[in-house]
Structures are given as C-alpha cells and as structure tokens.
Amino acid sequence: MGTLSGTALVLTGLTLSPQAVAGSAVPAVSAASTVAAPNDNPGFLQVYDDNVENLPTVDLQCPGDWQDLVYYMQLQEYRPDVYVVQQISNQTQLDALTKRLSDDFGEKYSGVIAEANPAIGPKECGAPKYYQTNAIIYRASRLELTLSTNRTWQAQAQDSSGGCPNNTQARTKAVKAMFHDKVANKDLTVASVHWPTAASDGPPCATQNAAEVSAEMTEDGYGGTLQIAAGDLNYTDTATSGGTDFRTWYKSMNGDLGGTYGFRDAIYAKCAASGDPLGGCLGDNWTISSTRRIDFVFARNADGSMPAISAQHTVTFDEGDAADVTQTGDDRTDRNYSDHRAVMAQVHY
C-alpha cells in the first residue's frame with residue numbers, strides 16, 4: 001500500500017494527509033494496470049464477502065493494508081457483482097469505497113447500509129474502529145436495487161437469565177436488499193450479517209440467529225430466485241479446528257448436511273467435492289486467527305434446492321500482498337488487508 005514518510009502516508013503517486021489517514025475517507029489511486037472484466041454471464045454472480053475491519057491503514061493502532069483485497073479483485077477474471085462487507089464505519093466510508101471500486105473498474109458500484117451513522121461500539125484499536133456497521137455493495141450496471149425498506153434486524157445474544165434478546169451493538173445489525181439481475185432477468189435477495197462475539201455472549205444464541213437469518217431472507221417482501229446470506233458469524237462451524245464435529249447452528253444452515261434452512265456453504269461445497277479430507281480442507285480455509293472459520297457465504301434457491309457454487313476461494317493475505325505488488329510495484333508485506341480472510345465464489349442461479 002505504500003510506506004510512512006514523516007507524518008503522511010505515501011502511496012504510489014499519492015500523498016495522503018494525516019487527517020485523511022485517521023478519518024473514514026478512502027484514498028484514490030492511479031488506474032490499475034490490470035482490471036477484471038465485467039461478468040455478463042447470466043448463469044452466475046461473482047460474490048465476495050469480508051469483514052473489512054473499518055478499512056485499516058498502516059498507521060492505526062490495529063494496522064492493516066485494506067487495499068490489497070481490491071488489488072486482488074482487479075486481477076481476477078471477473079470483477080465483483082456482489083461484495084458483502086461487515087464492520088464498515090459509516091455511510092461516508094461506504095460511499096468512498098464504492099467510488100473506489102467504480103473508479104478502478106470503470107463502472108458504477110453502489111451500496112446499501114444497515115446504519116448510515118452507527119452508534120459508538122466497543123472502543124478497540126482507536127477511534128476509526130469505534131463505529132461499525134454492515135453493508136452490501138453491488139455492481140449497478142447488472143443489479144438494480146428493487147427493495148431496501150424494512151431491511152435490518154438485530155442479532156441476538158444471551159442475557160443473565162439464559163435468554164436470547166436482541167443484542168444492542170450497532171455492528172450486530174444485519175442488512176438485506178433485493179435486486180433485479182438485468183443480465184439473468186431474475187430477482188435475488190442478499191444479506192450482510194454480523195453476529196455478536198463470544199465476549200458479548202453471542203455463541204449461545206447461534207441457533208436462534210441462524211433461524212432468524214433464514215426467516216429474514218423471505219420476510220417483508222424479500223425473496224427472489226436466489227438468496228445469499230454472507231457475513232462474520234463469530235462462531236465456528238466445527239467444535240475443533242479442521243474437524244467434522246459440526247455445531248448445531250451450522251448443521252441447521254447447511255443443506256448438504258441435511259440442514260432445515262437449506263443453504264449451501266460455498267467453502268463446504270468446495271471441500272466436499274475435493275480430494276482432500278473434508279475436515280482438513282475446512283481447516284485450511286480458516287478466516288481468522290489461522291484456525292477459525294467464522295466467515296461464510298451461504299446461498300439457496302427459492303424452490304428449496306441448493307444452487308451450484310463454483311470457483312470458491314479463501315483469499316490469503318499473501319495473495320493480497322502479491323496483488324498489490326503486481327498492480328502498484330509496492331506493498332507493506334507486514335500488513336494484512338483485514339484480520340479476516342475474504343471468501344469469494346461464483347453463485348449460480
């Protein structure tokens with residue numbers, strides 16, 4: 001992403017002021033040397049999901065190099081049709097990120113956010129990360145937003161009596177949107193979900209939260225041919241890393257395991273179809289802390305069947321670093337694009 005020089009952050013061909021580094025603005029960069037093509041195949045959507053951790057820059061208390069993932073997207077065959085994000089700061093940061101994607105890919109990207117100005121949350125990693133919400137970014141030339149009213153719901157967390165009332169943190173408010181796919185001439189609903197952490201007693205309510213995700217995909221007029229729910233669920237799929245001792249919440253979501261809600265998990269489907277032992281493959285596709293898979297792309301069809309999913313991949317931090325070098329000639333290899341590794345997949349109708 002560049003290097004620190006004095007009190008300013010120096011990027012390739014760009015110097016960013018300390019105020020911009022500390023704030024929510026997203027810096028522009030020069031045009032990429034390689035840009036992924038638009039996906040005009042009516043059979044599938046190119047989907048990404050990542051907890052972007054407020055787009056960390058190199059000088060933060062919890063530093064990062066968020067642009068690495070954007071550079072990685074540029075180098076793929078297809079640019080994103082849907083980019084589901086968690087822990088973005090606010091509407092200002094979302095607008096800046098969609099502008100960055102629009103500028104890089106040469107077509108319009110837009111977004112739907114849970115809260116434009118979320119209330120202050122856990123005071124971690126300095127002021128830029130105090131404010132966190134969730135959003136859906138979409139390629140507007142292909143997807144037309146048709147419904148975004150009654151679009152949010154609050155994830156649940158366990159209270160002192162053992163119940164599961166709604167959590168109160170802004171970052172645990174999910175958001176959904178319905179689109180018309182102008183290429184495929186079909187409708188779909190997409191949701192960005194972020195459940196409470198273990199420190200906030202979220203895992204004991206995972207079963208209830210899974211049921212709510214399933215219900216929300218078709219409530220208030222939402223639905224469509226395809227339903228995609230993605231996000232940071234802050235609870236692993238299995239009790240042991242790389243094992244197959246699947247948790248109750250996960251078994252209820254995963255239709256390939258006979259789950260009631262009938263979603264296909266993109267990475268599980270990849271691992272099940274591979275020659276690797278399922279558990280080992282799932283472990284290799286960790287999304288945080290080198291052992292835990294807590295970030296997922298789930299998809300199902302309206303008729304109760306599960307869609308085909310292809311080209312699934314968990315984007316490694318080294319791949320992000322390499323993409324930055326390819327596109328700009330430079331990278332901070334000691335900084336990752338997020339604490340979470342992104343999941344990408346082609347989700348078919």
Side-chain angles (χ1 to χ4, degrees), residues 45-52 80-88 90-91 94 97-98 109-118 132-140 142-156 166-167 169-182 184 186-196 202 205-206 208-234 249 252-253 255 261-266 295-304 306-307 343 345 347 349:
L45 293 166
Q46 181 65 62
V47 177
Y48 286 81
D49 171 75
D50 192 40
N51 180 327
V52 297
D81 293 312
V82 175
Y83 179 19
V84 182
V85 299
Q86 300 80 49
Q87 287 188 213
I88 198 158
N90 50 31
Q91 184 70 53
L94 177 61
L97 179 55
T98 56
Y109 280 83
S110 297
V112 177
I113 197 165
E115 291 188 310
N117 294 291
Q132 301 171 350
T133 188
N134 308 301
I136 301 158
I137 297 170
Y138 60 98
R139 186 163 70 93
R142 173 163 185 166
L143 299 178
E144 177 186 1
L145 180 65
T146 57
L147 182 61
S148 63
T149 56
N150 298 318
R151 67 181 184 268
T152 63
W153 73 94
Q154 195 84 46
Q156 300 168 53
N166 285 347
N167 178 262
Q169 295 172 325
R171 68 182 184 178
T172 65
K173 183 175 287 187
V175 60
K176 61 186 176 181
M178 191 168 178
F179 303 96
H180 180 68
D181 184 339
K182 293 177 284 187
K186 294 180 179 179
D187 297 321
L188 68 148
T189 291
V190 181
S192 178
V193 183
H194 187 223
W195 291 353
C205 297
Q208 291 88 335
N209 282 326
E212 191 165 30
V213 168
S214 177
E216 285 287 348
M217 301 304 290
T218 56
E219 287 183 351
D220 303 314
Y222 289 82
T225 300
L226 182 63
Q227 299 159 21
I228 299 171
D232 171 9
L233 305 189
N234 276 309
W249 79 265
S252 72
M253 289 287 286
Y261 307 132
F263 289 93
R264 174 157 280 154
D265 170 7
D295 302 85
F296 303 88
V297 173
F298 289 109
R300 71 181 180 190
N301 295 320
D303 63 5
M306 289 179 291
V343 177
V347 181
Y349 286 104

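Quick caveat, the model's predicted, so the values are computed rather than measured. The basis for the numbers below is simple: all heavy atoms, side chains too, and nothing from hydrogens, waters or symmetry mates. Here, residue 1 is the first one in the sequence, and each next residue gets the next number.
When the side-chain hydrogen bond (donor to acceptor under 3.5 Å, both in side chains) test is applied to Asp232, the partners found at least two apart in sequence or on another chain are Asn51, His194. Taking Asp187 as the reference, nothing meets the salt bridge (Lys or Arg N to Asp or Glu O under 4.0 Å) condition, with sequence neighbours excluded.
Using a 4.5 Å heavy-atom cutoff, the side chains of Lys182 and Arg142 are not in contact. Two residues are said to be in side-chain contact when any heavy atoms from C-beta on lie closer than 4.5 Å; Trp153 and Val193 meet this criterion. Counting heavy atoms from C-beta on, the side chains of Val175 and Glu115 never come closer than 4.5 Å. Contact annotation: the side chain of Asn117 never approaches that of Gln91 to less than 4.5 Å [non-hydrogen atoms, C-beta and beyond]. The shortest distance between side-chain heavy atoms of Leu45 and Leu188 falls below 4.5 Å. In this structure the side chain of Leu233 reaches within 4.5 angstrom of the side chain of Phe298, judged on heavy atoms. A heavy-atom distance below 4.5 Å is found between the side chains of Asn209 and Pro196. In this structure the side chain of Ile228 reaches within 4.5 angstrom of the side chain of Leu226, judged on heavy atoms.
Remark: the backbone N or O of Gly223 is paired with a side-chain donor or acceptor of Thr189 at under 3.5 angstrom. Proximity of a side-chain donor or acceptor of Asn167 to a complementary backbone N or O of Gln169 within less than 3.5 Å is detected. Not a single donor-acceptor pair under 3.5 Å links the side chain of Asp81 to the backbone N or O of Arg139.
Scanning both residues, Ala135 and Ile88, for their nearest heavy atoms gives CB-CG2, 4.3 Å. Heavy-atom minimum distance, Val347 versus Val47: CG2-CG2, 3.9 Å. The two atoms that bring Thr152 and Ala114 nearest to each other are CG2-O, 3.7 Å, heavy atoms only. Here the closest heavy-atom approach between residue Leu145 and residue Ser148 is recorded as CD2-OG, 4.0 Å. Scanning all heavy atoms of the two residues, the minimum distance from Ile137 to Tyr109 falls at CG2-CD2, 4.0 Å. Nearest heavy atom pair, residue Gly224 against residue Ala302, reads O-CB, 3.1 Å.
Taking the six-membered ring where tryptophan is involved, the planes of Phe179 and Tyr138 are tilted, since the angle between them lies from 30° to 60°.
Atoms NZ and CD1, on Lys173 and Ile113 in that order, are 11.5 Å from each other to the nearest 0.5 Å. In this structure, the separation between CE on Met253 and OH on Tyr261 is 9.0 Å, given to the nearest 0.5 Å. The OG atom of Ser192 sits 10.5 Å away from atom CD of Gln87, with the distance rounded to the nearest 0.5 Å. Separating the NZ atom in Lys186 from the CG atom in Asn301 is a distance of 8.5 Å, to the nearest 0.5 Å.
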Please output the side-chain donor-acceptor pairs of residues 210-217 that fall under 3.5 Å, not counting sequence neighbours, one pair per line with the distance.
{"residue": "Glu212", "atom": "OE1", "partner": "Gln156", "partner atom": "NE2", "Å": "3.2"}
{"residue": "Ser214", "atom": "OG", "partner": "Arg300", "partner atom": "NH1", "Å": "2.9"}
{"residue": "Glu216", "atom": "OE1", "partner": "Lys176", "partner atom": "NZ", "Å": "2.6"}

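Just one of Asn134, Asp50, Asp49 meets the side chain to side chain donor-acceptor pair (under 3.5 Å) condition when paired with Gln86; it is Asp49.
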